[in-house]
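Encoded as C-alpha cells, the structure appears first; notes follow it.
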Amino acid sequence: IATVAPFGGEAGQPAVAALITIHDESEQHRALEMRTDFVANASHELRTPLASVRGFIETLQGPARNDEVAHDRFLKIMAEQAERMTRLIDDLLLLSRVEEKANLNPTGQVRLSELLNEVVRALTPVSEERQITITVEPESSPLVAKGERDELFQVFHNLIENAVKYGRVGGSVKVHLRESERDPSKKRVAVTVTDDGPGIAPEHLPRLTERFYRVSTEHSRRIGGTGLGLAIAKHILTRHQGELSVDSVVGRGTTFKVSLPKYK
Ligand code: ADP
C-alpha cells in the first residue's frame with residue numbers, strides 16, 4: 001500500500017494527512033491477515049477431532065458393527081474428542097470476549113492473595129491427581145491490583161493450571177506475591193508461578209503466547225490442551241496494563257511472572 005498521495009500538500013508543506021492514511025491501511029491489512037490466519041487455524045484445530053469422530057462412527061457402522069470390545073474403546077475415544085472440541089470452543093469464545101473488551105479500561109480492585117487462594121482451591125482436583133503441592137506466599141497480603149476479578153482469575157487459573165499440568169508428578173508449585181522490585185515508585189505488584197517440572201527449551205519461549213502454539217513433547221500431546229491459555233492470559237493482561245514474562249531452565253522448571261498496576 002505504497003500510494004503516497006500528498007493531497008492538500010502545498011509546496012513546502014509536509015503531507016501529514018497522506019502519511020496517516022498509509023499507516024491506517026497497512027494496520028487494517030495486517031489485522032485482516034491475522035484474522036484470516038486465525039479462522040484457518042481454528043477451523044483446522046476443530047476439524048482434527050471431528051474427523052476422528054467421523055472415522056470412528058464409520059467403523060462402528062461398518063467393520064466393527066458386532067465387536068463389543070471395539071464399541072467400548074471407540075466410544076471412549078469419541079467422548080474424549082468431543083470433550084476436546086468443547087474445550088476449544090469454550091477457549092475460542094473466551095478469547096473473542098476478551099478481545100471485544102480490548103479498548104475498555106478495567107476499573108475494579110482485586111485483593112490478590114484472596115484471588116490466588118481461590119484459584120488454588122479450584123485447582124485442587126487436578127493438583128491432587130498429580131500429587132502436586134501448591135503454596136501461596138504470603139497466604140494473606142493487603143496487596144490490591146487494579147482490574148476485573150473474573151479476568152484476573154482466568155489469568156492465574158491458566159498459569160497455575162499449566163504449572164500443575166506440565167509440572168512434575170509429586171512436585172511442587174510455588175506462587176509468590178509481592179510489590180514489584182523493579183518498580184521504584186512501588187505502583188506495581190508481581191505474582192510469580194514457579195514449578196519444578198521439565199522446563200521449556202529457549203527456542204519456544206518467545207512463541208508461547210501465540211494462539212494455538214504448543215510445545216510438542218510426548219507429555220504435552222497426552223495432555224491435549226488447546227494452545228490458547230497463554231494467548232488468553234496475554235490479552236487480558238494487555239488490557240490491564242499488565243505484563244507477562246517467562247523464565248525456564250530445561251530439567252529444572254519454569255517461572256511465569258505477571259506484573260500488574262496496584263490499586264492506589
Ligand atoms: P495449552 O492449552 O496447550 O496448555 P497454553 O497456551 O496454556 O496452551 O500453553 C502453551 C504451551 O506452553 C503448552 O502446550 C506447553 O507446551 C507449554 N507450557 C505452558 N506452561 C508450561 C509449564 N509450566 N511447563 C512446561 N511447559 C509449559
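Counting convention: from 1, in listed order, for ligands and their atoms alike. None of the values given here were measured: they were computed from a predicted structure.
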Problem - ligand 1 contact by Gly197, heavy-atom criterion under 4.0 angstrom - result: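 Gly197: no contact with ligand 1 (<4.0 Å).
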Exercise for the section: Determine whether any heavy atom of Lys165 lies closer than 4.0 Å to an atom of ligand 1. Expected result: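 True for this residue.
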Exercise for the section: Step by step, work out the side chain to side chain contact (heavy atoms under 4.5 Å, CB included) result for Asp195 and Thr255. Expected result: CA-CA 7 Å; Asp195 66 61; Thr255 296; over 6 Å; no
Handout entry: Residue pair Val246, Lys257: steps toward the side chain to side chain contact (heavy atoms under 4.5 Å, CB included) verdict
Key = CA-CA 6 Å; Val246 57; Lys257 179 176 166 190; over 6 Å; no
Practice task
Report yes or no: do Asn41 and Glu45 form a side-chain donor-acceptor pair below 3.5 Å?
Solution key: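 No - no donor-acceptor pair under 3.5 Å links their side chains.
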Problem - Other residues, nucleotides, ligands: >12 heavy atoms within 6.0 Å of Arg252 CZ - result: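 For Arg252, atom CZ is not crowded (no more than 12 foreign heavy atoms under 6.0 Å).
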Problem - Protein heavy-atom partner closest to atom 13 (C) of ligand 1 - residue, atom, separation in Å - result: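 Scanning the protein heavy atoms, the shortest distance from atom 13 (C) of ligand 1 goes to Tyr166 OH, 3.4 Å.
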Handout entry: Closest protein heavy atom to atom 19 (C) of ligand 1, given as residue, atom name and distance to 0.1 Å
Key =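 Protein heavy atom with the smallest distance to atom 19 (C) of ligand 1: Asn162 ND2, 3.6 Å.
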Handout entry: Arg214: numbered ligand 1 atoms lying under 4.0 Å from its heavy atoms
Key =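 Answer, ordered by atom number: 1 (P), 3 (O), 14 (O).
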Handout entry: Which of the ligand 1 atoms, numbered from 1, are nearer than 4.0 Å to a heavy atom of Gly229
Key =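 Near Gly229, the atoms of ligand 1 are 5 (P), 6 (O), 7 (O), 8 (O).
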Out of [options], who gets a non-hydrogen atom closest to [atom]?
atom	options	answer
atom 9 (O) of ligand 1	Leu159, Val246, Leu230	Leu230
atom 8 (O) of ligand 1	Pro198, Gly225, Gly227	Gly227
atom 23 (N) of ligand 1	Asp91, Asp195, Thr254, Thr194	Asp195
atom 12 (O) of ligand 1	Leu208, Ile223, Thr209	Leu208

Exercise for the section: Could you tell me whether Arg30 and Glu33 make a salt bridge, using a distance below 4.0 angstrom between a side-chain N and a carboxylate O? Expected result: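 Salt bridge between Arg30 and Glu33, a charged N being under 4.0 Å from a carboxylate O: no.
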Practice task
Given side chain to side chain contact (heavy atoms under 4.5 Å, CB included), test Val175 with Thr192 step by step and report yes or no.
Solution key: CA-CA 6 Å; Val175 183; Thr192 52; over 6 Å; no
Exercise for the section: For ligand 1, note which part of Val215 has a heavy atom under 4.0 Å away: side chain, backbone, both or neither. Expected result: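 Both backbone and side chain of Val215 come within 4.0 Å of ligand 1.
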Practice task
May I ask you to identify, for Tyr213, whether its side chain, its backbone, both or neither come under 4.0 Å of ligand 1 on a heavy-atom basis?
Solution key: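 Backbone only.
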Practice task
Ignoring angles and geometry beyond distance, decide whether Ala231 reaches within less than 3.5 Å of ligand 1 through its nitrogen or oxygen atoms.
Solution key: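 So ligand 1 has no N or O lying under 3.5 Å from an N or O of Ala231.
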Practice task
Flag yes if Val53 and Ile89 sit in one hydrophobic cluster, no otherwise; membership is Ile, Leu, Val, Met, Phe, Trp, Tyr, and two members link when side-chain heavy atoms are under 4.5 Å apart.
Solution key: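 Both belong to a single hydrophobic cluster.
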Practice task
State the CG-NE2 distance between Asn162 and His157, to the nearest 0.5 angstrom.
Solution key: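 The NE2 atom of His157 is 10.5 Å from CG of Asn162, to the nearest 0.5 Å.
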Exercise for the section: State which residue, out of Arg188, Lys262, Glu243, fulfils the side chain to side chain contact (heavy atoms under 4.5 Å, CB included) condition with Ser180. Expected result: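 It is Arg188; the other options fail the test.
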